[in-house]
2 protein chains.
Amino acid sequence: MSTVASPVVTIDGVVFQLLDDQLCVLLVRRDHEPFAKKWALAGGFIARNETSHQALERALRAKTGVALKDLPFVEQLYTFDTDAVHGGNAISLIYFALYRGGNNSLPDTAQFFPVDSLPELAYNHADIVIYARDRLRSKVMYTNAMFALLPPHFTLPQLQSAYEAVLGYALDKRNFRKKFLLLGLTEMTDTYERAGAHRPARLHRFKQQQLQSLSRSFT
Amino acid sequence: MSTVASPVVTIDGVVFQLLDDQLCVLLVRRDHEPFAKKWALAGGFIARNETSHQALERALRAKTGVALKDLPFVEQLYTFDTDAVHGGNAISLIYFALYRGGNNSLPDTAQFFPVDSLPELAYNHADIVIYARDRLRSKVMYTNAMFALLPPHFTLPQLQSAYEAVLGYALDKRNFRKKFLLLGLTEMTDTYERAGAHRPARLHRFKQQQLQSLSRSFT
DNA sequence: ACAAAAGTGTTAAGAATACACCCATGT
DNA sequence: ACATGGGTGTATTCTTAACACTTTTGT
C-alpha cells in the first residue's frame, strides 16, 4: 500500500511545576503568526521520521531549554483534532509532564505561570491546561505522582502544601499525615530542616521515583 | 508556514459488547498484507481533510457495518507511535466504544470475540485490547458507562452479571443491589421479565443515557 | 411439591472525619 | 518569654464486607 495524504501532526507539552506553593505551567511566548506575542504551550510539528517523544524532546529543548530527562514524569494527555489549520486538519498530541527544576535557566521567551493566573493563551491551550490540571488532580490521588513535583527530600508540611496546591483545597494536618504515612510511599531520613524561629521539620523521601498506583486512593 | 512532512496517521476502534454474559470485542479479518488472514481491530487511514471521528465512522462502517450513531459511548483511548511502518513513523489514534446491537448484521469478515479467548491479532492489537479492557473496568467503577452495554430495560441480576463480566470477578448480590441502588442512577419500571420456572425479575432503566461521573466510586 | 432464580437485613470491621494541645527552635 | 510552625491521639460517623433465608414462578 502506498503512502496516503495524512493530516499534519503536532505535539505540545503541558509541564507543571510547584513554585512557591503554587501550581505553575510552562509557557512560551510566540514569535510568529498565528497568535504572535501570545503565550502558548511548548510544541511543534512531528517530522515524518521521528516519534512523538523525539518531537517533544526537540520542541521543549529548543523553546524552553528543558530536556525530557529532567522531567521525572511524562505521560500522554489527549489527542485533539484541530479543524482546518494549514489547509487541512491537524492532529495535536498533547503530553503532560511534571518538573522540579525551578525557574532558572529558562530563556526570556519561556516562563512558568501560576495556573490560577494565566495570560491569554493561543489556540485552545487554556482548555488543555484545565484538562491537564484535572488529570494531575486525579493522578496524585491514586498514584505516587507527587514524587515528581517535590525535591528528593522534603518535610511533611511541604508535602501537604504540595497536595493542597494541586488539589485546590486545604487538608487536615493530622489526618493527612496519618493517611499518607500509612501508604508507605515514603521513608524518614534522620536529617531535619531548620527554617526560622520554630521547631525543625524532619525530612522524608519517596521510596520510589517511578510511578506506582496506590492500593487505596488518597484524599 | 508551509506544509511539513508528517507521519502517517491511522485510526482504530476497540468496540466492546456483552454477549451471553461475556465481554466481547469487535474484530475484522484482514484481507491484505501485512498480517493477511489475521484478525485485527477495525481501522484505517485518516485522510488529510477529515477528522479522526469521520475516519472512524468511515472505517467502522466499511469494515463492520457498525455506525457511530449506534455506539452509545465513544471515547479516545490512547495514541500510539508505531515505528517504521510504510517507510516512516505512523501514529495510531485508538478509540474505544461500547455497543449493544447484538451479533446480527455483521459481514462475514467481522465478528465479536470474547476478550478471554481472542484469536491471534495483527500488530500490537492484543495489547491494545488489554489496555482498553482496563480502561473499561475503571470507567464502570466511577461512571455510569454501563448504560451503554445494557439494553434500555434490564433486570438487576442482568446488571450484576454485566458488572461481573467487565470486572472479572463475582459480586455479592445483596451488597451489589444495596450499593448500586443507592447511587440513584437507575429507576424501576413496573414491568417484569418472566423467564423460566422462577420468580420474575423487575425491569429497571438508567435515568441518563449519557456519561456521568459518580459521586462515590463503585465496587 | 419441587426446582430455580429473585428478592431482602443485620452485624462487624475498617476507613474517614472532626477536633486541641504540646514541642522545639530563633530572637 | 514569646512567637512560629512542627508534631501528636481519640472519639464518632460512615462505608464496606460477610453472610442465609423467604418469595414467586413453571412444571
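For the pair R174(A) CZ and dG5(D) P, the computed distance is 18 Å after rounding to whole Å. A straight line from CZ of R202(B) to C1' of dT25(D) spans 16 Å, rounded to a whole angstrom. One atom, CD of Q158(A), and another, P of dG7(D), lie 10 Å apart when rounded to the nearest Å. Following rounding to the nearest Å, D21(A) (CG) and dG5(D) (C1') show an atom-to-atom distance of 13 Å. Rounding to whole angstrom units, NZ of residue K173(A) and P of dT17(C) are separated by 18 Å. Rounded to an integer number of Å, the gap from OH of Y169(A) to C1' of dT17(C) is 13 Å. For L181(B) and dG9(C), the CG to P distance is 12 Å, given to the nearest whole Å. Here the P atom of nucleotide dA18(C) and the CZ atom of F176(A) are 16 Å apart, to the nearest Å.
Taking the six-membered ring for Trp and thresholds of 30 and 60 degrees, F154(B) and F206(B) have ring planes inclined between 30 and 60 degrees apart. In this pair, F180(B) and F176(B) present their aromatic rings parallel. The plane angle is below 30°, not in the 30 to 60° band.
Nearest-nucleotide positions on DNA chain D place A201(A) closer to the 5' end than the other of A201(A) and D172(B).
In this structure, a donor-acceptor pair under 3.5 Å is absent between the side chains of S213(B) and T143(B).
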Query raised in the report: Going through the distances and angles, do V25(B) and F112(B) end up as a side-chain contact (heavy atoms from CB on, under 4.5 Å)?
Result: CA-CA 5 Å; V25(B) 64; F112(B) 279 92; 5.7 Å; no
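Distances shown here put a side-chain N or O of R177(A) below 4.0 Å from the OP1 or OP2 atom of dT8(D).
A donor-acceptor pair under 3.5 Å links the side-chain atoms of D81(B) to the main chain of S52(A), judged by distance alone.
Each of R202(B), R205(B), K207(B) was checked for a salt bridge (charged side-chain N to carboxylate O under 4.0 Å, His left out) with E187(B), and the lone residue meeting it is R205(B).
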Requested in this report: List the protein contact pattern of nucleotides 12-17 of chain D with one symbol per nucleotide (5' to 3'): B for base contact, S for sugar-phosphate-only contact, - for none; contact means a heavy-atom distance under 4.0 Å.
Outcome: ---S-B
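Between F16(A) and Y99(A), the distance separating the two ring centers is not shorter than 6.0 angstrom. For Y78(B) and Y78(A), the gap between ring centers reaches or exceeds 6.0 Å.
Side-chain contact between F96(A) and V15(A) is absent, with no heavy atoms from C-beta onward closer than 4.5 Å.
Of the residues in residues 183-198 of chain A, G196(A), A197(A), H198(A) come within less than 4.0 Å of DNA chain C through at least one heavy atom, sorted by number.
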